[in-house]
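Residue numbers begin at 1 in each chain, while the letters A, B, ... track the order of the sequences.
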2 protein chains.
Amino acid sequence: MRVGELAKRSGVPVPTIKYYLREGLLPAGVLTSPNQAHYDDEHLRRLRLVRALMEVGGLSIASVREVLATIDTRDDSLHSKLGAVQEAISQPGSVELDPLAVEDVQGFLRRQGEEECADVTESNVTHLLAAALSAARSVGHDHFQDLLDPYLEGLKIIAQADLDYIASRGSRDDVIEAMVVGTLIGDTVIKAVRRLAHAQVSRKVIGDSVVPDEG
Amino acid sequence: MRVGELAKRSGVPVPTIKYYLREGLLPAGVLTSPNQAHYDDEHLRRLRLVRALMEVGGLSIASVREVLATIDTRDDSLHSKLGAVQEAISQPGSVELDPLAVEDVQGFLRRQGEEECADVTESNVTHLLAAALSAARSVGHDHFQDLLDPYLEGLKIIAQADLDYIASRGSRDDVIEAMVVGTLIGDTVIKAVRRLAHAQVSRKVIGDSVVPDEG
DNA sequence: CCTAAATGGATAGCGGTACTCTCTACTATC
DNA sequence: GATAGTAGAGAGTACCGCTATCCATTTAGG
């Protein structure tokens with residue numbers, strides 16, 4: 001197919017596709033003439049992935065490029081590939097870390113039997129966690145880390161479901177893409193379902209009055 | 001205090017504070033002269049909240065303004081306030097919804113005993129969920145909704161912890177702020193811990209080989 | 001009291017991001 | 001042979017979150 005049909009089938013405007021080609025988010029089509037190229041279903045699939053990463057995952061073009069590069073690297077074991085994918089999709093903001101929050105993270109990791117926790121900022125994931133706890137502290141929530149253990153309890157169930165889902169995919173390529181899609185779209189799904197669960201629990205527990213007027 | 005000290009104590013540059021004042025993210029200080037105003041600890045607290053919402057929650061200025069407006073509205077019960085806060089912090093992207101994904105969401109809600117599910121797009125939260133499942137479908141993941149039930153199972157544990165945390169706050173104002181902070185910063189913490197749980201489970205289950213080379 | 005620094009207020013400009021437009025030379029199709 | 005589509009590439013645009021500059025006034029220090 002040519003770029004027009006790719007645009008029609010993906011819902012992405014032609015100029016935007018050209019832009020993605022220039023930015024290296026999409027591999028070039030096969031040239032049949034100096035100004036004619038053919039694109040196949042792989043291009044369509046990749047294009048939809050790019051859009052999903054941006055729209056649902058909220059990733060920037062630069063992050064998408066990094067994620068795609070990680071996906072396309074073909075030398076790691078699946079376990080380390082999962083790690084690499086997670087690093088690529090977990091860009092922490094530029095919050096400066098509260099040492100107490102760093103300590104909280106290290107304590108948590110230690111509690112979970114993680115031995116090698118030299119520097120929290122070495123991994124995007126632990127950095128992200130420390131940044132979030134720092135932000136909590138900065139707004140006066142200095143016991144937010146107490147939630148880590150119950151969170152992990154719930155997330156073990158979720159992570160098991162995630163891994164089952166990923167492993168149920170057919171080819172190795174599908175497994176790797178499912179890591180990205182499952183993790184990023186999963187984040188959004190979890191966000192939404194958590195809010196629904198809040199509403200459910202709140203309806204049962206809080207009812208309508210739990211706290212007096214003003215403290 | 002004057003704006004200079006507010007800047008020093010919050011780490012936010014003076015011009016940025018002025019900008020936030022203009023944008024209505026911060027209430028004006030008390031004028032003591034035509035060009036002198038006093039700010040108090042409430043301003044500092046609010047400023048830090050604004051930064052936390054933007055840096056960790058990834059909210060835009062417009063969203064922050066909306067959230068603050070919701071916080072400051074003082075007429076709802078806590079239960080409905082939680083709902084309002086959730087709506088304000090759950091802006092769905094502009095993905096067009098797949099009818100099948102909408103059906104998935106409705107089925108899920110029905111399964112959970114939610115009766116009133118006329119229009120999924122009426123609530124930002126269900127819209128967000130439908131958008132995420134639509135994106136999953138668009139990249140060929142048309143059974144992602146099978147994860148909803150295990151997700152809810154894990155998230156019930158998390159939501160209970162959240163509600164306990166929120167309810168443990170002192171004043172009504174603190175409770176309301178904890179809804180925002182706990183939900184948004186909680187999202188990020190959950191994101192990070194989920195990745196750690198992935199690594200943990202993956203180390204145990206996947207080990208290093210689960211899927212053959214190529215399908 | 002005088003001067004330097006800071007302040008409130010307002011307007012304009014800047015840097016980054018994600019497109020979108022425009023152009024040229026060519027090709028496919030009717 | 002007229003019309004529409006195409007590859008490739010540079011310029012332009014729109015929005016967002018600041019940042020810089022200016023002004024008249026005021027405060028703080030010697």
Side-chain angles (χ1 to χ4, degrees), chain A residues 1-40 43-44 46-68 91 93-96 135, chain B residues 1-40 43-44 46-68 91 93-95:
Chain A
M1 80 187 92
R2 294 187 298 168
V3 77
E5 195 181 341
L6 189 58
K8 205 179 299 171
R9 286 223 247 162
S10 64
V12 179
V14 172
T16 303
I17 293 177
K18 286 185 169 189
Y19 170 65
Y20 289 169
L21 287 166
R22 263 177 283 156
E23 291 295 319
L25 303 187
L26 220 47
V30 182
L31 279 177
T32 59
S33 322
N35 67 330
Q36 293 293 300
H38 281 127
Y39 304 90
D40 56 18
H43 286 94
L44 182 58
R46 176 53 61 100
L47 181 52
R48 291 212 249 247
L49 177 61
V50 167
R51 295 298 282 206
L53 295 184
M54 295 183 72
E55 289 171 357
V56 180
L59 265 56
S60 67
I61 294 238
S63 299
V64 170
R65 192 163 32 220
E66 198 177 329
V67 169
L68 296 178
Q91 319 277 13
S94 56
V95 192
E96 70 179 66
Chain B
M1 83 189 90
R2 294 186 298 169
V3 77
E5 196 182 340
L6 189 59
K8 205 178 299 172
R9 288 222 247 163
S10 64
V12 179
V14 173
T16 304
I17 294 177
K18 286 183 170 188
Y19 171 64
Y20 290 168
L21 287 167
R22 260 177 283 149
E23 291 296 319
L25 303 188
L26 269 181
V30 182
L31 278 176
T32 59
S33 321
N35 67 331
Q36 292 294 299
H38 281 128
Y39 304 91
D40 56 18
H43 286 95
L44 182 58
R46 176 53 60 102
L47 181 53
R48 290 211 249 247
L49 177 61
V50 168
R51 294 299 281 207
L53 295 184
M54 295 183 73
E55 288 170 357
V56 179
L59 266 57
S60 66
I61 293 234
S63 299
V64 170
R65 193 164 30 222
E66 199 177 327
V67 169
L68 296 179
Q91 318 278 11
S94 56
V95 192

| query | Any side-chain heavy atom of A:E66 within less than 4.5 Å of one from A:L59? | reply | no

| request: Starting at atom NZ of B:K8, determine the distance to atom P of C:dA6, rounded to an integer number of angstrom. | output: 9 Å

| message | Between C1' on C:dG8 and OH on B:Y20, what's the gap in Å once rounded to a whole number? | response | 19 Å

| task | Take the protein atom OH of B:Y19 and the nucleotide atom P of C:dC14, then report the distance between them rounded to whole Å. | result | 17 Å

| Under 4.0 Å between a side-chain N/O of B:S33 and OP1 or OP2 of D:dT27, yes or no? | yes

| remark: CG (A:L47) and CG (A:L6) are apart, to the nearest 0.5 Å, by 5.5 Å

| query | Rounded to whole angstroms, how far apart are CG on B:L53 and P on D:dG17? | reply | 13 Å

| remark: Between A:S60 and B:N35, the residue closer to the 5' end of DNA chain C by nearest nucleotide is B:N35

| NA contact type, A:P34, heavy-atom cut-off 4.0 Å: base, sugar-phosphate, or nothing? | sugar-phosphate

| query | Please give, in whole Å, the distance from C:dA18 P to A:L26 CG? | reply | 16 Å

| message | Counting distance alone, no hydrogens or angles: does the base of C:dG8 have a donor or acceptor under 3.5 Å from a partner atom on the side chain of B:R22? | response | no

| query | Closer to the 5' end of DNA chain D via nearest nucleotide, is it B:P13 or A:H38? | reply | A:H38

| Considering only heavy atoms from C-beta outward, does the side chain of A:V30 approach that of A:D40 to under 4.5 Å? | no

| request: Remember a base hit wins even if backbone is also touched, and classify A:L31 as base, sugar-phosphate or nothing at under 4.0 Å, heavy atoms. | output: sugar-phosphate

| task | Rounded off to whole Å, could you give me the CD-to-P distance for the B:E5 and D:dA28 pair? | result | 12 Å

| task | Confirm from the modelled atom types if A:K18 and D:dA7 form a donor-acceptor pair under 3.5 Å, side chain to base only. | result | yes

| Whole angstrom value for the distance that separates C1' of D:dT25 from CZ of B:R2 | 12 Å

| query | Taking side chain as C-beta onward, heavy atoms only, is A:V3 less than 4.5 Å from A:Y39? | reply | yes

| request: Please report the C-alpha distance between A:Y20 and A:R51 in whole Å, then the side-chain angles of each, then the deciding distance to 0.1 Å, and finally whether the side-chain hydrogen bond (donor to acceptor under 3.5 Å, both in side chains) criterion is met. | output: CA-CA 10 Å; A:Y20 289 169; A:R51 295 298 282 206; 2.8 Å; yes

| query | Rounding to a whole Å, what distance do you find between B:I17:CD1 and D:dG17:P? | reply | 17 Å

